[in-house]
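Have a look at the structure below, then the notes.
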Amino acid sequence: MYERYSRQMLFAPIGKNGQEKLRAKHVLMIGAGALGSSNGEILTRAGVGKLTIVDRDYVEASNLQRQQLYTEEDVLQKLPKAVAAERRLRAINSDVELCAVVGDATPEMLDELVKGVDLILDATDNFETRMALNDIAHKYQIPWIYGACVGSFGMSFTIIPGKTPCLNCLLKSLPVQGMTCDTVGIIAPTVQMVVAHQTAEALKILVEDWEALRHSFVSFDLWRNQYSSMKMSRAKDESCLSCGSERTYPYLSRENLMKSEVLCGRDTVQIRPSKEGEVDLNELAAHLSSIHYEVKGNPYLLSIEMEANRIVIFKDGRALIHGTKNLAQARSIYQRLLG
Amino acid sequence: MYERYSRQMLFAPIGKNGQEKLRAKHVLMIGAGALGSSNGEILTRAGVGKLTIVDRDYVEASNLQRQQLYTEEDVLQKLPKAVAAERRLRAINSDVELCAVVGDATPEMLDELVKGVDLILDATDNFETRMALNDIAHKYQIPWIYGACVGSFGMSFTIIPGKTPCLNCLLKSLPVQGMTCDTVGIIAPTVQMVVAHQTAEALKILVEDWEALRHSFVSFDLWRNQYSSMKMSRAKDESCLSCGSERTYPYLSRENLMKSEVLCGRDTVQIRPSKEGEVDLNELAAHLSSIHYEVKGNPYLLSIEMEANRIVIFKDGRALIHGTKNLAQARSIYQRLLG
Amino acid sequence: MNKILFFAHLKDEVGEENIRIDVAGRTVAEVKELLAAEYNLQKLDSAMTAINEEFASNEDVIEAGDEVAFIPPVSGG
Amino acid sequence: MNKILFFAHLKDEVGEENIRIDVAGRTVAEVKELLAAEYNLQKLDSAMTAINEEFASNEDVIEAGDEVAFIPPVSGG
């Protein structure tokens with residue numbers, strides 16, 4: 001029965017003991033895009049006990065270049081990613097209990113899904129969800145592993161509540177983003193290198209080899225041939241509202257959430273960013289033009305066409321996503337453009 | 001039509017121009033195990049023009065923990081890896097011309113397969129084949145990318161004939177091996193990290209971004225949290241018999257070839273027939289059945305049980321004798337069955 | 001003298017992987033402002049900073065000989 | 001004084017990622033022999049050697065202050 005895991009059990013830090021531990025663990029993975037595909041496949045092949053996969057999107061042709069669980073057939077069927085992922089993973093390892101959730105990883109949903117979970121794997125594509133995930137992880141004392149990439153550049157950091165600094169210690173606030181996979185592209189090797197770091201750490205946590213954990217923040221650029229390993233002990237901030245002594249878990253509260261609503265009687269969703277602050281429309285227009293969007297606009301707003309949708313972005317960061325009534329789809333489009 | 005590659009074309013060093021170059025290129029990949037699965041999938045998703053995959057093995061349960069193209073069904077069917085890989089890759093990207101070769105990458109075979117190839121990807125599991133591949137690459141001036149891993153430790157180096165040192169410059173001779181995947185195990189993250197380095201370099205070569213190439217020898221250990229980047233300009237050896245001024249390509253000569261070998265620390269011996277020619281599997285199956293062996297198989301191979309051994313015979317006359325490391329015993333079994 | 005390292009798109013914007021400049025006695029925030037102006041760098045203020053391969057905050061003061069690296073956080077996945 | 005770094009299984013066999021020892025004036029081959037005996041290291045002779053992150057041959061001589069790393073080649077795939 002364990003024949004399929006024989007090469008993993010031969011690896012001394014895992015062994016038969018570690019394999020049994022792995023089999024008793026439950027991992028929650030947020031996102032089933034590029035990072036999610038590969039993270040999910042590695043943990044499923046490794047024989048984790050249970051894997052819960054949350055994703056709000058469906059499979060599109062432009063995913064196939066790097067999202068390893070999906071095929072051309074999934075695109076034709078427009079399958080939700082969580083569903084397509086579950087199908088493929090089941091064919092790979094029928095021993096693993098798989099749970100696919102098609103939906104948005106809101107704080108409410110995270111609060112529900114996190115029960116009994118041993119590890120949260122970050123495979124999301126935006127900082128808003130990651131900050132909520134970071135708060136949830138600290139509320140329930142669950143380790144999580146940050147991973148992110150764009151272009152040929154990627155990074156990862158292992159966060160153990162009560163031990164390491166947290167994502168909010170590092171970033172202090174939601175960074176103003178410029179680069180996303182939808183604006184500067186992404187190559188598959190970058191995804192795999194982030195996932196290599198995430199899954200190595202995941203295996204250490206799941207087999208409880210705490211001494212082997214990586215304490216540094218890794219970042220690398222495969223095209224520019226860069227690799228950096230930054231020591232993080234000084235990053236812990238005692239006044240941090242997510243992990244410090246007086247916590248409020250700010251990213252779980254409604255006020256910090258990106259607000260989206262279907263506009264009364266129109267085929268349009270309005271998105272309001274979670275934090276205040278102006279968008280530099282000239283800079284954004286120049287950037288979107290450079291990646292071949294036709295940008296129209298005036299000093300107060302920009303407008304672009306994107307597949308079936310028209311998107312209008314205002315200086316205050318608000319956007320109208322025309323051509324949809326689906327909140328999750330609209331938020332996804334917004335985050336793809338504005339991070 | 002290029003929608004599926006849109007995120008890769010957005011990546012500035014590739015662009016539409018690079019995508020078209022990629023589409024015109026032919027990659028030869030030796031091995032379809034762990035490194036081959038992942039390398040092959042990334043290049044297929046990326047939209048390379050043609051991919052030739054050579055592998056001598058078939059899918060077994062113990063492969064599933066890290067060889068990402070294969071499923072439980074492939075194990076049940078005992079499919080040759082090259083065939084199972086081709087099936088999965090076709091479902092992923094029907095634009096790519098795939099050529100699967102079930103067989104041993106001997107110098108003769110390499111000499112034939114290498115024609116018109118732009119890049120050779122090393123996904124093999126032994127130094128003998130790599131040294132032959134290194135000789136072939138220098139004979140025909142084709143770039144190749146070394147990659148290898150065991151446990152949590154892996155390495156990669158990009159070899160450009162006429163520019164960089166070659167594998168024979170570095171190793172001087174076939175290293176005495178101690179560690180293989182079958183003696184100290186392997187974890188999937190290690191595979192992915194090697195592949196991340198190999199495929200990033202492959203993309204640079206295929207889109208002809210020569211300036212971006214990595215000149216250093218990379219090695220890392222994901223469990224021990226080590227990463228090293230070693231400069232290699234001093235490694236070039238003018239007296240090297242594979243790439244120096246007076247070359248003999250020593251690993252292409254018959255004397256350096258083994259007829260039977262213990263496979264990479266596994267309890268398995270491979271026998272290669274001394275003469276060329278195909279085996280008629282139907283006739284052999286009928287014969288073996290008539291002498292009361294239970295024969296299983298498919299159009300590519302036969303499998304029988306014989307006391308403590310399982311024997312798998314391929315169409316090209318090769319056989320894998322499982323359950324022994326004894327060359328003489330294995331040859332004896334082979335001769336008893338195939339004369 | 002200090003060595004300043006730029007990661008990812010910052011390397012391309014600066015045109016070099018690293019530069020040498022004397023910024024001893026200045027805070028990280030001051031150096032970010034100075035470099036952003038000099039090289040027209042976008043969003044350097046939200047980049048993470050390492051001094052001698054160790055995480056540093058915007059208030060940390062750089063000493064002579066320190067190596068400073070700027071690493072922009074990303075969100076893709 | 002020299003810093004010696006051990007990769008992969010060599011790290012485990014030595015019990016530390018790095019040690020400090022004075023081997024200035026000796027060749028790489030001599031240092032391999034010395035360390036193999038001291039720590040009972042297997043197959044150190046076939047390990048690749050880097051001096052100050054640059055490939056070195058068995059004949060190269062180590063100087064004071066050099067950092068030496070040993071990296072065993074592997075064949076798995």
Side-chain angles (χ1 to χ4, degrees), chain A residues 3-14 38 41-42 45-47 61-68 70-73 75 91-94 151-152 181-193 195-200 203-204 209 212 214-216 222-225 227 229 291, chain B residues 3-14 38 41-42 45-47 61-68 70-73 75 91-94 151-152 181-193 195-200 203-204 209 212-216 222-225 227 229:
Chain A
E3 166 61 14
R4 67 183 296 157
Y5 306 118
S6 60
R7 299 309 182 273
Q8 193 163 277
M9 293 190 294
L10 268 176
F11 180 62
I14 295 184
S38 183
E41 179 158 351
I42 287 179
R45 289 191 183 274
S62 65
N63 303 148
L64 293 181
Q65 161 253 354
R66 68 199 180 283
Q67 303 190 10
Q68 75 187 50
Y70 312 126
T71 62
E72 293 179 351
E73 182 60 30
V75 175
I92 287 170
N93 193 345
S94 53
S152 51
C181 300
D182 285 56
T183 58
V184 301
I186 173 85
I187 54 171
T190 321
V191 176
Q192 297 303 336
M193 181 121 160
V195 170
H197 285 94
Q198 286 187 288
T199 50
L203 289 174
K204 294 173 190 175
D209 187 355
R214 178 187 297 279
H215 298 295
S216 60
L222 280 169
W223 212 273
R224 298 180 184 91
N225 305 315
Y227 187 91
S229 182
I291 56 173
Chain B
E3 166 62 14
R4 66 182 295 157
Y5 307 118
S6 60
R7 299 311 182 270
Q8 193 163 278
M9 292 190 295
L10 269 175
F11 180 63
I14 295 185
S38 182
E41 179 158 350
I42 287 179
R45 289 191 183 274
S62 65
N63 303 149
L64 293 181
Q65 160 253 354
R66 68 199 180 285
Q67 303 190 10
Q68 77 188 47
Y70 311 125
T71 61
E72 294 180 349
E73 182 59 30
V75 175
I92 286 169
N93 193 346
S94 53
S152 52
C181 303
D182 297 84
T183 56
V184 301
I186 172 84
I187 55 171
T190 320
V191 176
Q192 296 304 336
M193 181 120 159
V195 170
H197 285 92
Q198 286 186 289
T199 50
L203 289 174
K204 293 173 191 175
D209 188 355
L213 286 183
R214 177 188 298 279
H215 298 293
S216 59
L222 281 168
W223 212 273
R224 299 181 183 90
N225 304 314
Y227 187 91
S229 182

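Computed from heavy atoms alone, side chains included, the values below leave out hydrogens, waters and symmetry copies. Residue numbering restarts at 1 for every chain, and letters A, B, ... go by the order of the sequence lines.
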Subject >> Contact origin within A/Ser152 toward chain B - heavy atom pairs under 4.5 Å >> reply: both
Original post:
Non-hydrogen atoms of chain B under 4.5 Å away: do they reach the side chain of A/Leu203, the backbone, both or neither?
Top reply: both
Original post:
Heavy atoms, side chains only, cut-off 4.5 Å: are B/Ser216 and A/Asn225 in contact?
Top reply: no
Considering only heavy atoms, which portion of [X] lies under 4.5 Å from any heavy atom of chain A: side chain, backbone, both, or neither?
| X | answer |
| --- | --- |
| B/Thr190 | neither |
| B/Thr199 | both |
| B/Leu213 | backbone |

Flag the one option from [options] with the top tally of heavy-atom pairs under 4.5 Å to chain A.
| options | result |
| --- | --- |
| B/Ser229, B/Gly47, B/Pro13 | B/Pro13 |
| B/Gln8, B/Met9, B/His215, B/Gln198 | B/Gln8 |
| B/His197, B/Arg7, B/Met193 | B/Arg7 |

Original post:
Among side-chain atoms of A/Ser38 and B/Gln192, is any donor-acceptor pair under 3.5 angstrom?
Top reply: no
**OP:** Apply the side-chain contact (heavy atoms from CB on, under 4.5 Å) test between A/Arg45 and each candidate in B/Gln67, B/Arg66, B/Gln68; give the one that qualifies.
**Re:** B/Gln68
Original post:
In Å, rounded to the nearest 0.5 Å, how long is the span from CD1 of B/Ile186 to CG of A/Leu10?
Top reply: 11.0 Å
Original post:
How are the rings of B/Tyr227 and A/Tyr227 set relative to one another: parallel (under 30°), tilted (30 to 60°) or perpendicular (over 60°)?
Top reply: parallel
